[in-house]
There are 2 protein chains.
Amino acid sequence: MERITRISSRVPAVAPTLADVAERAGVSRQTVSNAVNNPDLLRTDTLARVQEAIVELGYVPNRAARNLRTRASHLIGLRMSPVQEGTANAAMDRFVHSLVWTSREAGYHVLLFSGEGPDPLEGYDDLLRSTAVDAFVVTDTYLGNPQATWLRDRRAPFVAFGRPWGDEAAKHPWVDVDGAAGTALATQHLLDQGHTRIAWIGWRKDSFIGEDRRAGWSRVLRERGHPTTGMASRVEDTVWSGREASGVLLDEADPTAFVCASDTLAMGVLHTLAERGLHPGRDIAVVGFDDSQVAQVVHPGLTSVRQPLEEVAIAVVRSLEDLLATPSYVGAGLLLTPTLTVRGSG
Amino acid sequence: MERITRISSRVPAVAPTLADVAERAGVSRQTVSNAVNNPDLLRTDTLARVQEAIVELGYVPNRAARNLRTRASHLIGLRMSPVQEGTANAAMDRFVHSLVWTSREAGYHVLLFSGEGPDPLEGYDDLLRSTAVDAFVVTDTYLGNPQATWLRDRRAPFVAFGRPWGDEAAKHPWVDVDGAAGTALATQHLLDQGHTRIAWIGWRKDSFIGEDRRAGWSRVLRERGHPTTGMASRVEDTVWSGREASGVLLDEADPTAFVCASDTLAMGVLHTLAERGLHPGRDIAVVGFDDSQVAQVVHPGLTSVRQPLEEVAIAVVRSLEDLLATPSYVGAGLLLTPTLTVRGSG
DNA sequence: GTGAAAGCGCTAACAA
DNA sequence: TTGTTAGCGCTTTCAC
């Protein structure tokens, strides 16, 4: 049975199906399917014939049909949190890019969804149960949210970018960046420059990540016998807070350098310095965290801890593949080490 | 025929199907389908009974099956271009956020794919022909790329964020932001502040967008009889270029203000000012374009033209709905007007 | 190594 | 208003 006539060789009016290819190649539909998915099963000449037909017809497997049959979508769900205006949250966007790129090579695409509304978890549920996605990449645990528990209860396959803070017994796969190692690197770098009075501006105490990053700073200073008391401030993650906190610290603790939990806070420090006629890097050193675009373009360049987000994405996708394999495999959590990008500010 | 026993009421071992709901409600599968998709067709009491069964069973329609049957995926494809390190390209990320948010309300999700490789268009083709996405949102025409032609030839449904530069006869739906209006706004703002020698730093002449933005600046100045000759520079979109260009202009044209085609270039101007001990906003005014995070956090705040990306996303999704409706409808291109966010730099 | 049969879960078209 | 039939395009048995 012939299908609808092609209007042009380049743009068929109707997409060819397995059956079309099979007819053309003189084999059964099943053989074409095998040629696509298990080429090893075919005899070389059969395979060649089928592949030729595939090219001639411009056949591309229909995803919906395949998804229906295999009960998989080859889609990874990623929830986009609302934009944070006024902060330098480069990490998320860079991570998305890396994830898209990496997952492509693994045969996955990234499905973005926004998780706003009464129940932030609702989006996950629908997507999963409607078989729209195979798994999720969760970045919110990164903020200390215990939603991993919820997802596990729903048997939702997911890999977290961020440790299961406060739930060390968690059994889900995760990848994270060692914030303490990053700030230790930053602090060490400042010590190497001759600074000894190094202040910390970080987040409020209820932030696991904030405390982690703070730990790197305090550990290095204590190890070297330098003061930490009175040298630290815990504030909101805003430029304004960074500006305020650095002003107070400059007045009261006489630091010559600042390590900050974020580029946003570091930018706040730069505000204070500018207002006081001090030059970052020359008079006072400043180090931020995340190596955001802001750090890259501001004068004279903001030294910043850079998370290896490309590697994170690779590890996340690898964990995802393990998780979705049969049998499913969940490896140990992976902690990656950030680097320090040195620029003019210190 | 009873299905596999549920393990718990909350997490069924097997997702319920239409048939399960139908059996439970004592109706046919089709009626359940109607209850979900065309509730108006049902008698009130039948509808109620079916809905009750849906809730009890926690039924969620299987997307793959629906997609196969309806030949639609309710997915919008969006290509992610590689990250531009060292520039303040906030627009794309903000737009993605807006698009995700807006398309959700229209029942669409956003599928991200990366278009790298030998043929940048390959990704589009596969996605479309495999019925993975219903349509694309194309942001690259935004840079003047004529790939719209390619997509049209493939009969790929798409809406462009960006005018069909150089192809005014293009028939595809598009939404764009009036760059000239934005820079006109910026220039006018500077004139209102008393500036008369206002310099331009923009992109190379082969950039349609760059020329568009430049036109707003030059038009306003000419209208008011202020000089433009020797007041403009066309460079690469890098901080470094902005720094260089502003240095030269300051030396040779004696401007008191700069309007730039991007925040990246504006940041370059800030570098020059910092190096010369000049204060942005007080000594020299600087206006950028895009209202990036950089503009928001840098000292003393960078005045910048802000694109209404939320509105763009809304218009894009609306166009998409029109395009995918039957019969398909393509309205006129829509040009939105940006606003000016005034900060310390001018 | 290849083919035939069956069915994934859903909805368009029609019949009742 | 509701039910029946058929089939979307694919892959998983299981024959041959």
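Lettering of chains follows the sequences in order, A, B, ..., and the numbering in each one begins at 1. Scope of the values below: all heavy atoms of this structure, side chains included, with no hydrogens, waters or symmetry mates. Since the model is a prediction, treat every value here as computed from it, not as a measurement.
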Strictly below 4.0 Å: does A:Asn37 bring a side-chain N or O up to OP1 or OP2 of D:dT11? yes
Indicate whether OP1 or OP2 belonging to D:dG9 is found under 4.0 Å from a side-chain N or O atom of A:Thr17. no
Rounded interatomic separation in angstrom, taking CG from B:Leu41 and P from D:dT2: 9 Å
Tell me: CG of A:Asn34 to P of D:dG9, nearest whole Å? 20 Å
What is the separation between atom CG on B:Asn62 and atom P on D:dC10, rounded to the nearest whole Å? 17 Å
If you take all heavy atoms of B:Asp126 and A:Val60, which pair is closest and at what distance? O-CG1, 4.1 Å
Toward the 5' end of DNA chain D, which comes first, A:Leu18 or B:Leu42, by nearest nucleotide? B:Leu42
Closest listed nucleotide, where the reference is the side chain of B:Arg69 and the choices are C:dG3, C:dG9, D:dT4: C:dG9
Bend across the helix from C:dG1-D:dC16 to C:dA16-D:dT1, to 10°, with axes taken over 5 pairs at each end? 30°
How long is the gap from CD1 on B:Ile314 to OG on B:Ser319, to the nearest 0.5 Å? 12.0 Å
Closest-nucleotide mapping onto DNA chain C: is A:Asp45 or B:Ala65 further toward the 5' terminus? I mean the 5' end. A:Asp45
Any non-hydrogen side-chain atom of B:Leu57 less than 4.5 Å from a side-chain atom of B:Arg24? yes
Within less than 4.0 Å of OP1 or OP2 of C:dT11, is there a side-chain N or O belonging to B:Arg71? no
Would a 4.5 Å heavy-atom cut-off, applied to side chains only, mark A:Trp174 and A:Leu335 as touching? yes
Donor-acceptor pair under 3.5 Å: do we get one between A:Arg43's side chain and the base of C:dT2? no
Let me know, please, whether B:Ala64 or B:Gln30 comes out on the 5' side of the other along DNA chain C by nearest nucleotide. B:Ala64
Are any of the side-chain heavy atoms of B:Leu151 and B:Val138 separated by less than 4.5 Å? yes
Interatomic distance, A:Glu23 CD vs D:dG9 C1' [rounded to whole Å]: 16 Å
Counting just side-chain N and O atoms, does B:Thr46 come under 4.0 Å of either OP1 or OP2 of D:dT2? yes
Counting heavy atoms from C-beta on, name the nucleotide in C:dA4, C:dG9, D:dT4 closest to the side chain of B:Leu68. C:dG9
Atom CG of B:Leu47 and atom P of D:dT2: how far apart are they, to the nearest Å? 9 Å
Is any side-chain nitrogen or oxygen of B:Thr31 closer than 4.0 Å to OP1 or OP2 of D:dG3? yes
Got a sec: does the CZ of B:Arg318 have more than 12 other heavy atoms crowding it under 6.0 Å? no
Residue pair B:Leu127 / A:His109, side-chain heavy-atom distance below 4.5 Å: yes
With ring-ring contact (aromatic ring centres under 6.0 Å, His included) as the test, would you mind laying out the steps for B:Tyr124 and B:Phe158 before giving the verdict? CA-CA 10 Å; B:Tyr124 287 105; B:Phe158 72 100; 8.5 Å; no
By nearest nucleotide on DNA chain D, pick out whichever of B:Gly26 and A:Ser33 is the more 5' one. B:Gly26
Taken to the nearest whole Å, CG/A:Asn67 to P/D:dG9 is 14 Å
Expressed in angstrom and rounded to an integer, what is the separation of A:Arg29 atom CZ from C:dG3 atom C1'? 11 Å
Taken to the nearest whole Å, CZ/A:Arg129 to P/C:dG9 is 14 Å
